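The block underneath contains the structure these notes are about, expressed in structure tokens.
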Amino acid sequence: MNNPAEIVPAAKEETPSVTPTPMQVLVPAYFNPAPGWDVMTSSAKAHPDVKITAILNPQNGKFTNVNVALTNAIASFKLAGGNVVGYVSTNYAKRSLAEVKANIDNYLLHYPEVSGFFLDEMEAKGKQLDFYSDVANYIRGKGLNLQIIGNPGTLPVEAYASVSDTLVTFEGKEVDYRSFNPATLHNWVYDKPSTIQAALVHNADNCKLMQQTLTMAALPRIHTSLIYVTELEFDYSTGIGNPWKSLPKYWTQLLDSVDAINKQQSLPAC
């Protein structure tokens, strides 16, 4: 990977914005309890001021019984202060409502520790708004104050902000995140808390690039509170790679950096 030019934050951001909330870490925890979940648990203990939400994804969300090792890992992680949401594929509304709702019920039956759901593969242009509104109403009808994170992977139409508490408005390579800018066509994000936006960034080869990504996300112009950055790769042209197979090599430095940004301190050395 070539050594790219560093991202230099603007001296002053003029984009109007509601008060940002502290940065949080959203982890696609699509890996086994050991060592991944164990590491997240120890990290949560060591970073009590950083909220970590893990996306639970047993068998790509399609499971019929409980994984005891995962159950134990979830319990330890939550005891350490972590938050857990369950992965649910929607396949851009091509999956039936009945199947999606059954998937949600399955989590609540086998993994009642989840405090919300991650709706993956969300259609972004509003053509399937009724579908996602139905799913959201179903979740909220459970009466458990469950969190809803939708993942269109790009900036969607504003109507989806009423469906989800948080929207993953960017999922992709670090080099592409540098040009991310809601102000061009999606000014509606600035009328919402910064927790409306999450970013899942991969192919960030080293700690410096990770820190530059965090610094960018914290800008008022970007207005994003939930973030994840990894050096693991995915190539969209070939479909090769899995950026969510394990925690990044700079995991501890990522948490240290988020903590520093929230406390308006200097970033730790890489």
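The first residue in the sequence is number 1, and the count goes up from there. Remember, predicted model here, so these are calculated numbers, not experimental data.
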Non-hydrogen atoms of [X] and [Y] that approach each other most closely:
X    : Y    : answer
P112 : L109 : CD-O, 3.9 Å
V163 : S133 : CG2-OG, 3.7 Å
T224 : A199 : CG2-N, 4.0 Å
R95  : F131 : O-CE1, 3.2 Å
S164 : I196 : O-CD1, 4.1 Å
P58  : L70  : CB-CD1, 3.9 Å

Mark yes or no for whether N60, through its side chain, and K62, through its backbone, hold a donor-acceptor pair below 3.5 Å.
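Looks like no, no N/O pair under 3.5 Å.
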Between N91 and A93, is there a donor-acceptor pair closer than 3.5 Å when you use the side chain of the first and the backbone of the second?
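Such a contact is absent between N91 side chain and A93 backbone.
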With a 3.5 Å cut-off and no angle check, do the side chains of [X] and [Y] form a donor-acceptor pair?
X    : Y    : value
N145 : R140 : no
T169 : Q197 : yes
E121 : T90  : no

Close side-chain approach of [X] to [Y], heavy-atom, < 4.5 Å:
X    : Y    : result
Q211 : P268 : yes
H202 : E233 : no
I148 : L119 : yes
D134 : K101 : yes
M23  : S225 : no
L226 : T195 : yes
L26  : I227 : no
I52  : L255 : yes

Got a sec, which pairs hit ring-ring contact (aromatic ring centres under 6.0 Å, His included) with one end in residues 247-270, sequence neighbours left out?
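Every candidate ring-ring contact (aromatic ring centres under 6.0 Å, His included) pair involving residues 247-270 fails, so no pair, neighbours aside, qualifies.
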Qualifying side-chain hydrogen bond (donor to acceptor under 3.5 Å, both in side chains) pairs, either residue in residues 45-55, two or more places apart
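Sorted pair list: H47-D256, D49-K263, T53-N83.
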Sequence neighbours excluded - side-chain hydrogen bond (donor to acceptor under 3.5 Å, both in side chains) pairs with any residue from residues 67-82:
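Counting only pairs at least two positions apart or across chains, no side-chain hydrogen bond (donor to acceptor under 3.5 Å, both in side chains) contact touches residues 67-82.
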Just verifying a value: how many Å separate [X] [atom1] and [Y] [atom2], rounded to the nearest 0.5 Å?
X    : Y    : atom1 : atom2 : answer
T166 : K192 : OG1   : NZ    : 12.5 Å
N262 : Q265 : CG    : CD    : 10.0 Å
N106 : F63  : CG    : CZ    : 4.5 Å
T213 : F170 : OG1   : CZ    : 8.5 Å
L267 : Q253 : CG    : CD    : 11.5 Å
M216 : F180 : CE    : CZ    : 7.5 Å

Plane angle bin for W244 and Y30 - parallel if under 30°, tilted between 30 and 60°, otherwise perpendicular:
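Judged by the thresholds at 30° and 60°, the geometry between Y30 and W244 is perpendicular.
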Do NZ/NE/NH1/NH2 and the carboxylate oxygens of K127 and E123 come within less than 4.0 Å?
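No, K127 and E123 are not salt-bridged.
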Are [Y] and [X] connected in a single hydrophobic cluster, I mean Ile/Leu/Val/Met/Phe/Trp/Tyr linked by side-chain heavy atoms less than 4.5 Å apart?
X    : Y    : answer
Y92  : Y160 : no
L56  : L79  : no
L232 : V168 : no
M122 : Y138 : yes

Tell me, with the steps shown, if L144 and L108 meet side-chain contact (heavy atoms from CB on, under 4.5 Å).
CA-CA 10 Å; L144 302 174; L108 296 176; 4.3 Å; yes
Does Y236 sit in a hydrophobic cluster with other residues, and if so which ones, taking ILVMFWY side chains as linked at heavy-atom separations under 4.5 Å, directly or through other members?
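ILVMFWY cluster around Y236 also holds F234.
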Check side chain to side chain contact (heavy atoms under 4.5 Å, CB included) between A73 and all other residues, then give those that pass, not counting sequence neighbours.
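Listed in chain order: P33, W37.
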In chain order, what residues pass the side chain to side chain contact (heavy atoms under 4.5 Å, CB included) check against D120, with sequence neighbours excluded?
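Y87, F118, N151.
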Check the pair S43 / M40 against side-chain contact (heavy atoms from CB on, under 4.5 Å), numbers first and verdict last.
CA-CA 5 Å; S43 298; M40 287 196 302; 5.5 Å; no
Evaluate whether atom NZ of K142 has more than 12 neighbouring non-hydrogen atoms of other residues, nucleotides or ligands under 6.0 angstrom away.
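For K142, atom NZ is crowded (more than 12 foreign heavy atoms under 6.0 Å).
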Step by step, work out the side-chain contact (heavy atoms from CB on, under 4.5 Å) result for N203 and L209.
CA-CA 9 Å; N203 292 65; L209 288 176; over 6 Å; no
Worked verdict on V50 versus Q24 for side-chain contact (heavy atoms from CB on, under 4.5 Å):
CA-CA 6 Å; V50 178; Q24 307 173 26; over 6 Å; no
